[in-house]
Structures are given as C-alpha cells and as structure tokens.
Amino acid sequence: MINQVVFISGASSGIGYATTLALLRAGYHVAGTSRSLENLSALLMATEQLPSTAGKFLPLACDVTQPEQMALAIQHTLQHFGKLHVVIANAGIGQRGDVVNAPWEDIEIVLRTNIDGVLHTVREGVRAIRTTGEGGHLVMISSVTFNMTSPGMATYAASKGFVSSLAKSLRMELEQDNITVSDILVGRTNTNFNKNRRGGERTAQGVSSMSPEVVAHHILKAIQTRPHTVTIRLVDRLIIWANVLAPQVIANIVKKQYSK
Ligand SMILES: NC(=O)c1ccc[n+]([C@@H]2O[C@H](COP(=O)([O-])OP(=O)(O)OC[C@H]3O[C@@H](n4cnc5c(N)ncnc54)[C@H](OP(=O)(O)O)[C@@H]3O)[C@@H](O)[C@H]2O)c1
C-alpha cells in the first residue's frame, strides 16, 4: 500500500468518481467530497468491491463554495489519515449562454464553484500539506477551453482560464514547500457534465468524448510523474495548437456549437 493521502473534490460523479477508484486501486488513501454524503453512496459501494491491497476511502460532505465547509473537510482528512500529500481541485460546473442575457444565477454558480471553490480547495489543501511537512502535489482540473475565445460559454471558459493561470503562479509560490502543481487540460469527457451544465444540456457535435476512466488514468499518471501540464488526447492537443495558430477559426466553431 502506498502511504500517501489524496483529497479530491467532486468525487461523486464522472472524472472525480473514476479518479477516486483508480487512486484507491493503486493503493493511495483518498478523501473524496460531494455536496451530499448520499451522492457518494454509489462510490462507497464500489470501493467495497476493491481488493484488500486498495487504499482506504473517506467520504466527506463539502460544498466547495463554502470556505468553512472546506476547512472542516480538510481537518477531517487530517484527523482520519494523519497527513495529506495530494490535493485534486476537480469539482466544477459548466454554463451555456451569452454573458449579458444568461440568468445571473447561472453565471454566479460557475464563479462560486470553478473560481471560489478552487481557491478554497487550494488554500485549505496546501495548509494541510504544509502541516504534513513531506512536500506534495496540487492537481488542477482545467479544460482545453482555458484560453479559447468562447462565445456562448464565455464564463465557463474564463473560469478555466482562471484555474490554469492560478496553476502557473502557484507553481512558483509553492516551490519552497516542495509542492508541485499539475494543470490537467481536459477535453470532452462522457460524464454528467452536460446534464449538470447551467443554461442547457445540448451537446456540441464534432469532437468525440473520452471515458472518465481514461482521464482518471492520466490523473493517476500525473500524480506519479508530476508534469506541469497534461493534455490527454491528440485531438485536444490539436485544438489547443489550432487555437494558437488560427484562434478565429476555433472561435467560429465554438460560436456555432454553443451560441443559441
Ligand atoms: N466532462 C467534460 O467534458 C469536461 C471537460 C473539461 C473539463 N472538465 C472538468 O472536469 C471536472 C469534473 O467534471 P465532470 O465531467 O466529472 O462533471 P460531473 O460528472 O458533473 O461531476 C461534477 C462533480 O463536481 C461536484 N460538484 C459540483 N458542484 C459542487 C460544489 N459546489 N461543491 C462540491 N462539489 C461540487 C459534483 O458533486 P455533487 O453534485 O455530488 O455535489 C460532482 O461530483 C470539472 O471541473 C469540469 O469543469 C470536464
């Protein structure tokens, strides 16, 4: 068993769910959160099927938008496992709709979850890694949209721009603590993300989806090798390069897919 403890936000579904199982299978101990413990019951049942070599799982209720809940969740993790090495800021939500006409509630939930939530996760998580005193790793779940002109989903794309920008600066701020930072630029993945997206579920056509298990495999690999940036598929690397070389072409494709 690997004597390393991981905290992951948004473990009840999709990428967080698959990553938690991959980490446990690899022998990491994992504290995984959701806004409600009930939402973690399927994951808890799945952990019972894992072999005895798997790490231990701690389910925690925590709304990432609430700093006091995040502080308590991290505190419980430290009390339960005695230490913390890796923090994965994964919980996130999408939004479709133009900046001016979208309901404010849709925009606000994206800001609170993808920006405030990531900050609360990082701030409390890093304090606990520092207390442990063994160095550590921050894994930021961003998106290939992080620097795209994104009409029709501008707030979501900008929130992921925030996450990737934060990752770059944190990397230098945390150097002296021996804490590394990986920015995972996730492409389209087959999860409940579209269903949960504010402002409309309709999926954009064109690019195929990966399974969350593939993303989880690459997150596990990133925890073992600590790269600065991860882009999983060739198609996503091509999208990122195309966005640098011909941003207007990509912007027009996004506009066609996401604008009403
Ligand atoms: N799927 C994609 O195509 C895609 C592409 C690029 C990036 N990403 C990113 O990948 C991450 C995971 O998304 P996913 O695809 O796995 O979506 P998902 O299936 O909808 O899962 C989202 C997770 O976030 C949690 N969550 C949402 N709001 C929360 C809050 N306020 N507090 C705590 N937890 C909260 C949900 O838990 P509860 O509802 O149980 O609280 C759930 O576990 C997100 O950051 C997303 O932006 C996804």
Side-chain angles (χ1 to χ4, degrees), residues 7-22 30-44 59-70 72-74 88-96 105-106 108-122 124 139-148 150 153 155-164 166-167 183-198 201 203-204 206-216 218-219 230-233 235-236 239-240 254 257-258:
F7 179 93
I8 179 166
S9 64
S12 61
S13 170
I15 292 167
Y17 181 102
T19 302
T20 302
L21 287 178
V30 184
T33 77
S34 151
R35 279 167 289 188
S36 94
L37 279 180
E38 207 187 325
N39 289 358
L40 288 167
S41 54
L43 178 58
L44 200 54
L60 291 168
C62 167
D63 184 335
V64 295
T65 68
Q66 305 300 315
E68 62 291 345
Q69 288 189 27
M70 181 55 69
L72 268 179
I74 294 283
I88 309 177
N90 167 68
I93 190 159
Q95 186 258 338
R96 175 181 204 142
E105 304 79 66
D106 287 3
E108 189 176 26
I109 197 167
V110 173
L111 304 182
R112 296 285 164 256
T113 311
N114 299 3
I115 295 182
D116 297 16
V118 167
L119 282 169
H120 300 321
T121 310
V122 165
E124 291 299 336
V139 180
M140 312 287 275
I141 305 300
S142 185
S143 161
V144 293
T145 63
F146 77 105
N147 66 350
M148 272 180 203
S150 300
M153 57 156 180
T155 307
Y156 174 72
S159 75
K160 290 304 183 181
F162 174 88
V163 171
S164 292
L166 196 70
D183 187 20
I184 317 288
L185 302 174
V186 180
R188 191 169 297 164
T189 309
N190 192 11
T191 66
N192 288 326
F193 182 77
N194 286 335
K195 187 161 77 68
N196 293 334
R197 179 199 282 131
R198 300 298 289 235
E201 182 180 341
T203 312
V207 180
S208 63
S209 291
M210 316 177 252
S211 75
E213 286 73 24
V214 167
V215 181
H218 285 269
I219 293 173
V230 174
T231 316
I232 294 164
R233 297 180 302 180
V235 65
D236 295 321
I239 290 170
I240 290 169
V254 172
Q257 294 192 334
Y258 285 92

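Just follow the structure's listing: the first ligand is 1, and inside any ligand the first atom is 1. Quantities reported herein were computed from a predicted structural model and do not represent experimental measurements.
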Only distances under 3.5 Å count here; give the side-chain donor-acceptor pairs of residues 113-121 to other protein atoms, sequence neighbours excluded, each with its distance to 0.1 Å.
residue, atom, partner, partner atom, Å
T113, OG1, I109, O, 2.7
N114, OD1, I93, N, 3.0
N114, ND2, I93, O, 2.9
N114, ND2, S159, OG, 3.1
D116, OD2, R112, NH1, 3.0
T121, OG1, G117, O, 2.6

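- The shortest N or O to N or O distance between N192 and ligand 1 is below 3.5 Å.
- What sits closest to atom 5 (C) of ligand 1 on the protein, heavy atoms only, is G187 O, 3.4 Å.
- With respect to atom 33 (C) of ligand 1, the closest heavy atom belonging to the protein is C62 O, 3.4 Å.
- Ligand 1 has an N or O atom lying under 3.5 Å from an N or O atom of T189, backbone or side chain.
- Between V64 and R35 there is no side-chain heavy-atom pair separated by less than 4.5 Å.
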Going through the checks in order, is the side-chain contact (heavy atoms from CB on, under 4.5 Å) test met by T189 and S209? CA-CA 5 Å; T189 309; S209 291; 5.9 Å; no

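- Close placement of the Y156 and F193 rings is indicated, their centers lying within 6.0 Å of each other.
- Under the salt bridge (Lys or Arg N to Asp or Glu O under 4.0 Å) test applied with D106, the options R96, R198, R197 reduce to a single match, R198.
- Listed by first and then second residue, the salt bridge (Lys or Arg N to Asp or Glu O under 4.0 Å) pairs that reach into residues 13-22 come to none, sequence neighbours excluded.
- For N90, heavy-atom contacts with ligand 1 shorter than 4.0 Å involve the backbone as well as the side chain.
- Which parts of ligand 1 touch R188 is read off a 4.0 Å heavy-atom cut-off, strictly below it: atoms 3 (O).
- Ligand-side atoms of ligand 1 in range of S142: 7 (C), range being under 4.0 angstrom from any heavy atom.
- Under a 3.5 Å cut-off, the side chain of S164 and the backbone N or O of G161 do not form any donor-acceptor pair.
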Please determine whether side-chain hydrogen bond (donor to acceptor under 3.5 Å, both in side chains) holds for the pair S143 and T145, giving the CA-CA distance in whole Å, both sets of side-chain angles, and the decisive distance to 0.1 Å. CA-CA 5 Å; S143 161; T145 63; 2.8 Å; yes

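- Protein heavy atom closest to atom 31 (N) of ligand 1, with residue, atom name and distance, is D63 OD1, 2.9 Å.
- At the top of the distance list for atom 19 (O) of ligand 1, counting protein heavy atoms only, stands S13 OG, 2.6 Å.
- Atoms of ligand 1 lying under 4.0 Å from any heavy atom of T113, numbered from 1 in the order shown and given with element: 28 (N).
- We find the OG1-NZ distance between T155 and K160 to be 13.5 Å, quoted to the nearest 0.5 Å.
- At a heavy-atom distance under 4.0 Å, no atom of R112 approaches ligand 1.
- Atoms of ligand 1 found under 4.0 Å from any heavy atom of S143 (numbered from 1 in listed order, with element): 6 (C), 7 (C).
- When non-hydrogen atoms are compared, ligand 1 lies under 4.0 Å from neither the backbone nor the side chain of Y17.
- Side chain of S34 to main chain of L37: no donor-acceptor pair is present (N/O by atom type, distance under 3.5 Å, no hydrogens or angles).
- With respect to atom 29 (C) of ligand 1, the closest heavy atom belonging to the protein is R35 NE, 3.5 Å.
- Among protein heavy atoms, the minimum distance from atom 38 (P) of ligand 1 is reached at S12 OG, 3.5 Å.
- The single protein non-hydrogen atom nearest to atom 9 (C) of ligand 1 is I141 CG2, 3.9 Å, given as residue, atom name and distance.
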For T19 and N90, run side-chain contact (heavy atoms from CB on, under 4.5 Å): C-alpha distance rounded to whole Å, both residues' side-chain angles, the deciding distance at 0.1 Å, then the answer. CA-CA 10 Å; T19 302; N90 167 68; over 6 Å; no

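- Residue contact check: T65 has heavy atoms under 4.0 Å from atoms 31 (N) of ligand 1.
- For a threshold of 3.5 Å applied to N or O pairs, the pair formed by V64 and ligand 1 contains at least one separation below that value.
- Under the 4.5 Å side-chain criterion, counting only non-hydrogen atoms from C-beta, T33 is not in contact with I8.
- The N/O atoms of I15, backbone and side chain alike, include one that comes under 3.5 Å of an N/O atom in ligand 1.
- Using a 4.0 Å cut-off to heavy atoms of A91, the atoms of ligand 1 that qualify are 24 (O), 25 (C), 26 (N), 34 (N), 35 (C), 45 (O).
- Counting protein heavy atoms only, atom 15 (O) of ligand 1 is closest to T191 OG1, 2.6 Å.
- Two residues are said to be in side-chain contact when any heavy atoms from C-beta on lie closer than 4.5 Å; M210 and D236 meet this criterion.
- In this structure, the side chains of M140 and I184 stay at 4.5 Å or more apart for every pair of heavy atoms.
- The N196 neighbourhood of ligand 1 comprises atoms 20 (O), with distances under 4.0 Å to a heavy atom of that residue.
- Here's the thing with I93: none of its N/O atoms is less than 3.5 angstrom from an N/O atom of ligand 1.
- Per-residue contacts place G14 under 4.0 angstrom from the following atoms of ligand 1 (heavy atoms of the residue considered): 16 (O), 19 (O).
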